[in-house]
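Below you'll find the structure, written out as C-alpha cells, and then a few comments.
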Amino acid sequence: MDELFAHAPVPKAYMHLALPVVLGMVASMVYNLVDTFFVAQTGNADLVAGVTLGAPLFSFMLAVGDIFGLGGSALLSRLLGNGKRAQVRALSSFCLYAAVALSLVITALLLGFKQPILTMLGATAATREYAGGFYTMLALGAVFIIVSLVPGNIIRTEGLAKQSMIATLAGTALTIMLDPIFLFGQHWGASGVGLANVLGYALNTGLLLWFTQTKAQYLSIAPGVAKASRAAVVSILAIGIPASLTNFMQSLGTMLLNQRLAAYGANAVAAMGIAQKVYMIVMLIMVGFAFGAQPLIGYNFGAKAHQRLAAILRFDFIVEIGYALVAATLLMLLAKPLVALFMNRPAIVAMGSLMMRALLITTPFIGAILVFTTVFQSVGQGLSALIMAISRQGVVFAVALWLLPQWLGFDGIVWAQAAADVITCAIGYGLYRRSKHMM
C-alpha cells in the first residue's frame, strides 16, 4: 500500500485509484437508464410515477451513508499517512457499526411514519399503492443501502479501488437481472423494483465486507475493536455531513429548477430532463476521478509529503479540466442530434440543445470545484467543505435562479446553473488559496 500511495509515479497511482471508481459510476449510470427502461415497459404510468416518487428516499439513504463513508475515509486516509495504524483499525470498525445502528433507526422511523412521508413525497390516491410498495422495500433494506457506502469508500484508503468496483458492478448486474424477473415474471410491480435494488445492494455490501476482511491490512469489521474518541467522531462528522449535504442540495436544486420551468410548459421540463441525462454522463465521470483520487490526497497530506501532494493536485486539475473541455466540446457540437435521439420534436430539440450547451459550457469550472471540494474533505477542513456543499446547487444556485429570470426571462432559468458554477468556482478558489498555507 505504501508503495502505491507514497512512491509510485503520480499518474500511475492516480489512475490506479480513480479508474475503478469511474467505472463504478458508469455502471450506476447504465443501471439507471436500464431500470428506467424496464419500468417504462410496463406501460403503467401510475407504477412509473410511484417508483419516481421514491427516488428522493433512495437519495436520502445514499446521503446518510456518505456521513460515515466519505467522512470516515477522509480521516482514515490521513491516519494511514501519519502511520497511525491502530487507530485506523478501531475507527474503520466504528464507522461500519455506527452506520448499521443509524440505518436501523432510519428503518424504524420510515416504517412508523410511512403514510405522512408518502404524502410529503407527493403520493396520490392513484400512485400511493405503487409508491408505498417501493418505499416499504427500500425502508426494510435501508441497512444494505446505507452501509454499502462505508466499506465502499474506506477500502479505497488502502488502495483497494478495484475490489470496490467489483462489488459495485456485481450489485448492479444482479439488480439489472432481477428487475425484469420481478416486474414481468413475478408481477410484483414497484415492490419488485424495490426488492431488486435492495438485493443488489445486499450483494454489494456483502462483497465489500468480505474484501475488507480478506484483503485489507489495517481496516477491520470486527465489532469488538470498534472505538472512536470524541475528537475522531467530530472529525468524521465535520466532513461527512457536508459531503451528505451535497446530495440534498442536488435534490433541492432540481426541485427549484423544475418549479421555475413548469411555468413554461411540459416541453420545457422534458427538454431539461433530457439535457441533464446527457450532462450527467460527463459529470459522473468527473466525480469518479475526483473521489477516486481523494484517498491519495488524504494519505500524502497526513504523511506531510508536501511536494508529492502538490504534484497530485496539479495532475488532478489537469485530468478534471482537460476531460471536461474535451467531453463538453464534443457533446455541445452534437447537442441537437443527441436531444433528438430522446424526443424528436422541434420545440424540445431547440430548447434541449440550448439547455445542454448551457450546462456543459461550465464543466471545466465544475472540474475545479470537484478538486477544491475533495481537497477540503481530504485535509479535514470541514467549514470549507460545508461551504462548497451548500453553494453550487444550493444557496448560489437558488439566488441565481431567483435573480436571472427577472432580467432574462426563460434564458435566465437556462443559464442559472452556469452562473452558479462560475461563482462557486470563484468561492472555491478563494478557499483553496487560503488552505494551501495549511498544506
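In this text the structure is predicted, and so the values were computed from the model without any measurement.
- Taking CE of Met280 as the start and CD1 of Ile285 as the end, the distance is 10.5 Å to the nearest 0.5 Å.
- With sequence neighbours excluded, the residues forming a ring-ring contact (aromatic ring centres under 6.0 Å, His included) with Tyr14 are Phe315, listed by chain and number.
- Taken from CZ in Phe58 to CG in Leu62, the straight-line distance is 5.0 Å, to the nearest 0.5 Å.
- In this structure Tyr130 satisfies the side-chain hydrogen bond (donor to acceptor under 3.5 Å, both in side chains) test together with Asn44, sequence neighbours excluded.
- Residue pairs meeting the side-chain hydrogen bond (donor to acceptor under 3.5 Å, both in side chains) criterion with at least one partner in residues 141-152, sequence neighbours excluded, are absent.
- At least one donor-acceptor pair under 3.5 Å links the side chain of Asn300 to the backbone N or O of Leu296.
- One distance of note links CD1 of Ile297 with OG of Ser378; it measures 4.5 Å at 0.5 Å rounding.
- Annotation: side chain to side chain contact (heavy atoms under 4.5 Å, CB included) contacts of Phe365 (sequence neighbours excluded): Thr362, Val422, Cys425.
- Distance check: Thr363 OG1 to Leu325 CG gives 7.0 Å after rounding to the nearest 0.5 Å.
- Looking at Tyr218 and Arg85, their side chains do bring a donor and an acceptor atom within 3.5 Å of each other.
- Here Lys227 contributes atom NZ and Phe94 contributes atom CZ; the two are 12.5 Å apart, rounded to the nearest 0.5 Å.
- Scanning all heavy atoms of the two residues, the minimum distance from Gly428 to Phe376 falls at O-CZ, 3.9 Å.
- With hydrogens and angles disregarded, a donor-acceptor distance shorter than 3.5 Å links the side chain of Ser73 to the backbone of Leu70.
- Applying the side chain to side chain contact (heavy atoms under 4.5 Å, CB included) test to Trp188 and every residue at least two apart in sequence or in another chain returns Phe182, Gln186, Leu195.
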Extract all donor-acceptor atom pairs below 3.5 Å that involve side chains of residues 99-111 and protein atoms in other chains or at least two apart in sequence.
from: Ser103; atom 1: OG; to: Ala99; atom 2: O; distance (Å): 3.2
from: Ser103; atom 1: OG; to: Val100; atom 2: O; distance (Å): 2.7
from: Thr107; atom 1: OG1; to: Ser103; atom 2: O; distance (Å): 3.1
from: Thr107; atom 1: OG1; to: Ala139; atom 2: O; distance (Å): 2.9

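- Partners of Lys114 according to the side-chain hydrogen bond (donor to acceptor under 3.5 Å, both in side chains) rule, which considers only residues two or more places apart in sequence or in another chain, are Thr136.
- Looking only at side-chain heavy atoms (C-beta outward), Leu199 and Phe144 stay at 4.5 Å or farther from each other.
- Residue pairs satisfying the salt bridge (charged side-chain N to carboxylate O under 4.0 Å, His left out) criterion with at least one member in residues 382-397, sequence neighbours excluded, are listed as follows: Arg392-Asp421.
- For Ser92, the side chain to side chain contact (heavy atoms under 4.5 Å, CB included) criterion is met by Leu76, Ile154, Leu219, Ser220, not counting sequence neighbours.
- Listed here is the closest heavy atom pair of Val233 and Ala228: CG2-CB, 3.8 Å.
- Put simply, the side chain of Leu331 reaches to within 4.5 Å of the side chain of Val282, judged on heavy atoms.
- A pairwise comparison of heavy atoms in Leu237 and Pro242 identifies O-CD, 3.6 Å as the closest pair.
- Thr119 pairs by the side-chain hydrogen bond (donor to acceptor under 3.5 Å, both in side chains) definition with Arg128, not counting sequence neighbours.
- Considering CZ of Phe372 and CD of Glu320, their distance stands at 11.0 Å, rounded to 0.5 Å.
- The main-chain N or O of Ala222 is found under 3.5 Å from a side-chain atom of Ser93 such that the two form a donor-acceptor pair.
- Take Ser235 and apply the side-chain hydrogen bond (donor to acceptor under 3.5 Å, both in side chains) test, not counting sequence neighbours, and it matches Arg78.
- For Pro223, the side chain to side chain contact (heavy atoms under 4.5 Å, CB included) partners two or more places apart in sequence, or in a different chain, are Tyr97.
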